[in-house]
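These notes concern the structure reproduced below.
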Amino acid sequence: MAGSRSQVLSTARLRVGHAARAMRMVWVAAPGLAATWFTLLALQGVIPAAIVYTTKHVVDSANAAIGGGLTAENVGPAVFWAGVMVLLVLAQRLLGAATGYVQVAHGESVQDKIKAQIHAKAVEVDYAFYESPDYHDKLQHSNGQAGTRALSLLQNVGTLIRDGISFGSIAVLLAVQYAAWLPVALFVGTLPALWVVSRHNDRYTTWWRNSMARRRWADYLDLVVIYPDFAAEVRLFGAGRPLAEQYQIARKALREERLHLLRRQSVASFGAALLGLLTLGAILAWMARRAFGGPGTLGDLALFYQALNQGLGLTRSLMGGAGQMYANTLFLEDLFRFLDIEPARKDPDEPVPVPRQLTDGITFDDVTFSYPGANRPSLRGLDLHIPNGKVTAIVGANGAGKSTILKLMCRFYEPSAGRVLIDGTDVRDFAQRDLLDHVSVLFQSPVHYQAPAVDNIRFADLEATDAEVIEASKAAGAHAFIERLPNGYATKLGKMFYEGGELSGGQWQRVALARAYLRRTPILALDEPTSAMDSWSEMEWFERFRALAEGRTAVVITHRFTVAMQADVIHVMEDGQVVESGSHRELLALGGRYAQSWSEQTRRAENAAGDGSVLPAPERA
């Protein structure tokens, strides 16, 4: 029991802390708007009590004036109090409009502030975060919910402030005019409803988190059915209807669980409402007895009715607002958990500058690495040297660890053992940003930015001039087809947002190559750079690539031996290790894995030559 109580208290303190943190975010986003908003809410809060109090004087003055004639002396008090009532109502409407405007303006600022914090953290966390389930459970969820939940929390806070002031004012009226226990009874009568709301929010949040993976699965099925990237293959396989049925099955299970929670809440809410109704009945019985058994005026009855009616509405609003605020705080926990992630990769206190021009190259010294959660290492005691001033090719079967080399070279991950050295310096001794600024990489699946062609390339170097962009485009073999687009380099690529120019897979790959070339860095690494090119284009591309790689440390990861054979050095990888190294001629003479694979590729090409296929290009002299 003691442990359970301690856990409840710890959870309560955590959520109060989250609520306080959320309020600080709300205030810091726009202090001036926040102060104006709180002031308007406070003014709104006192008006209901003033209207209730004025009602008594309106009724009493009108009752006294009845039958006395239309003289100024007789009807003057009634007109005065009626005028005050009108002014209060107008002020209430005016303050409501002003508050609504300020709330929207403040809410937009809060949403943008939170999004800025999410973006700042997103570019700070380790790359490994994006390749883990935590990405979906933390970043995606917090990113999707943060803005709406923060705005909802803002509205909850506003409601609590306004209604709290109103309830306090009316409570004073009830206590002064009638009995001190009346506001207490009104408040206590709504506590069961608060318990129901809080209990339901706890259950709902637990369900929400436990069902997160299944909801993502349903969302993914929906995406596969309707998203254009999947459309061709889904239609080819006739998979659309089965996938849609799987979506309905997943949604049915989620829907039934949600409705089960709602049914439990409805039953509990009915019980809480019944207790509230009994409380109201007792208060009304007391007032009826007091009215029939003692002195009182019509104004007293009107004041009591208005105060009681307003008080009940305000207590329900307060309880509901508190419950919603509690629920929003629970959901904001996901945001705060994401914002509190600390990257494992840290820059050294005194980083070493990355050389602008390498003299030795890149060395993997007995490197072992396993991806988080993997059953076996991707690299096992890897020893590899990528010399400066030469083109190095890395070949091997899928899963051999080739692409992992690039990720460790960029320090997206840390080796489990061993070192990655650039000109003899461990990459962990460099500042991360400085290291990346000296590396150009074409990844295996480059991004298709839905933006103008010039910006698509300039993303690699935002300070590059148009002339430099065009030079990189020419080097990558992209200039000719970009110029043929409707608006040349100003043509917006892709179909997501614009009626722009869609490219073929090979053309997109050349645009990505242009980005890699635009960064005139000492290290140039390309992962499957010609996978979408035909054989003719491949040979033409490699000649340009060799010229660009002159004097740089260049590495090409490829499955195509027609590309690898032209490199100065070829490393053959298998099961996370280099098993053979040498030039194309040396590896053929060795008669090992490379020679076997070369013979197989050559034989397949020769068998297909009768259909017009291109045989492997001749070896470089």
Seminar exercise, completed: Distance col, row Ile405:CD1 vs Ile362:CD1, nearest 0.5 angstrom, shows 10.0 Å
Problem set entry | Heavy-atom closest contact (Asp366 atom, Gly381 atom, distance) | OD1-CA, 3.3 Å
Exercise. Has Tyr220 got more than 12 heavy atoms of other residues, nucleotides or ligands less than 6.0 Å from its OH?
Worked result: no
Seminar exercise, completed: The side-chain contact (heavy atoms from CB on, under 4.5 Å) partner of Asn456 among Val447, Val511, Ile482 is Val511
Exercise. Counting only N and O atoms by type, is there a donor-acceptor contact under 3.5 Å from the side chain of Asp365 to the main-chain atoms of Arg419?
Worked result: no
For this session: Please report the C-alpha distance between Met409 and Ile523 in whole Å, then the side-chain angles of each, then the deciding distance to 0.1 Å, and finally whether the side chain to side chain contact (heavy atoms under 4.5 Å, CB included) criterion is met.
Result: CA-CA 10 Å; Met409 188 175 71; Ile523 300 172; 4.1 Å; yes
For this session: Check the pair Arg546, Asp568 against salt bridge (Lys or Arg N to Asp or Glu O under 4.0 Å), reporting the backbone distance first and the verdict last.
Result: CA-CA 10 Å; Arg546 178 171 286 280; Asp568 300 305; 3.4 Å; yes
For this session: Taking the side chain as every heavy atom from C-beta outward, state whether Ser378 and Tyr413 have any pair of such atoms under 4.5 Å apart.
Result: no
Exercise. If you take all heavy atoms of Phe338 and Ile118, which pair is closest and at what distance?
Worked result: CE2-O, 3.8 Å
Problem set entry | Check: Ser504 main-chain N/O paired with Gln507 side-chain donor or acceptor under 3.5 Å | yes
Exercise. Would you say Gln596 has more than 12 foreign heavy atoms packed within less than 6.0 Å of its CD?
Worked result: yes
Problem set entry | Electrostatic pair Asp437:Arg433 at N-O distance under 4.0 angstrom | yes
For this session: Answer with yes or no after comparing the ring centroid distance for His584 and Phe561 against a 6.0 Å cut-off, counting only values under it.
Result: no
For this session: Mind telling me whether Tyr594 and Trp598 have parallel, tilted or perpendicular rings, with 30° and 60° as the class edges?
Result: parallel
Exercise. Under 3.5 Å, is there a donor-acceptor pair between the side chain of Asn388 and the main chain of Thr553?
Worked result: yes
Exercise. Do the charged groups of Asp455 and Lys492 touch, with an N to O distance under 4.0 Å?
Worked result: no
Problem set entry | side chain to side chain contact (heavy atoms under 4.5 Å, CB included) between Arg552 and Arg520, worked out | CA-CA 9 Å; Arg552 304 164 78 178; Arg520 299 297 298 175; 3.3 Å; yes
For this session: Using distance alone, with no hydrogens and no angle criterion, decide if Ser440 and Thr521 have a side-chain donor and acceptor under 3.5 Å apart.
Result: yes
For this session: Return yes if some donor-acceptor pair links the side-chain N/O of Gln577 with the main-chain N/O of Arg380 below 3.5 Å, else return no.
Result: yes
Exercise. Is the side chain of Arg519 donor-acceptor paired with the backbone N or O of Val439 at a distance under 3.5 Å, no angle test?
Worked result: yes
Problem set entry | is_close_aromatic(Phe364, His571), centroid dist under 6.0 Å | no
Exercise. Checking Glu108 side chain against Ala105 main chain: does a donor-acceptor pair fall under 3.5 Å?
Worked result: no
Exercise. Going by atom types only, do His559 and Asn398 share a side-chain donor-acceptor pair under 3.5 Å?
Worked result: yes
Problem set entry | Arg356 atom CZ, neighbour heavy-atom count above 12 within 6.0 Å | no
Seminar exercise, completed: What one should report as the nearest heavy-atom pair of Ser370 and Pro377 is OG-CA, 3.1 Å
For this session: Check the pair Tyr371, Thr404 against side-chain hydrogen bond (donor to acceptor under 3.5 Å, both in side chains), reporting the backbone distance first and the verdict last.
Result: CA-CA 9 Å; Tyr371 286 100; Thr404 302; 2.8 Å; yes
Problem set entry | Test item: Ser211 side-chain N/O and Arg214 main-chain N/O as donor-acceptor pair under 3.5 Å | no
Problem set entry | Euclidean distance, Glu580 CD relative to Ser597 OG, rounded to 0.5 Å | 8.5 Å
Problem set entry | Check: Lys402 side chain, Ala397 main-chain N or O, donor-acceptor pair, under 3.5 Å | yes
For this session: Report yes or no: does Lys121 contribute a side-chain atom to a donor-acceptor pair with the main-chain N or O of Ile341 at less than 3.5 Å?
Result: yes
Exercise. Between the main-chain N or O of Leu421 and the side-chain N or O of Thr425, is there a donor-acceptor pair closer than 3.5 Å?
Worked result: no
Exercise. Does Arg345 pair with Asp126 as a salt bridge, N-O distance under 4.0 Å?
Worked result: yes
For this session: Check the surroundings of atom CD in Gln117: do more than 12 heavy atoms from other residues, nucleotides or ligands lie under 6.0 Å from it?
Result: yes
For this session: Identify the two heavy atoms, one from Gln432 and one from Cys410, that lie closest to each other, and give their separation to 0.1 Å.
Result: NE2-O, 3.3 Å
Exercise. Looking only at side chains, do Ser473 and Tyr517 share a donor and an acceptor under 3.5 Å apart?
Worked result: no
Exercise. Looking only at heavy atoms, which two atoms of Val352 and Phe430 are closest? And how far apart?
Worked result: O-CD2, 3.0 Å
For this session: Give the C-alpha distance, both sets of side-chain angles, the deciding distance and a yes or no for salt bridge (Lys or Arg N to Asp or Glu O under 4.0 Å) between Arg251 and Asp222.
Result: CA-CA 10 Å; Arg251 281 295 307 149; Asp222 176 56; over 6 Å; no
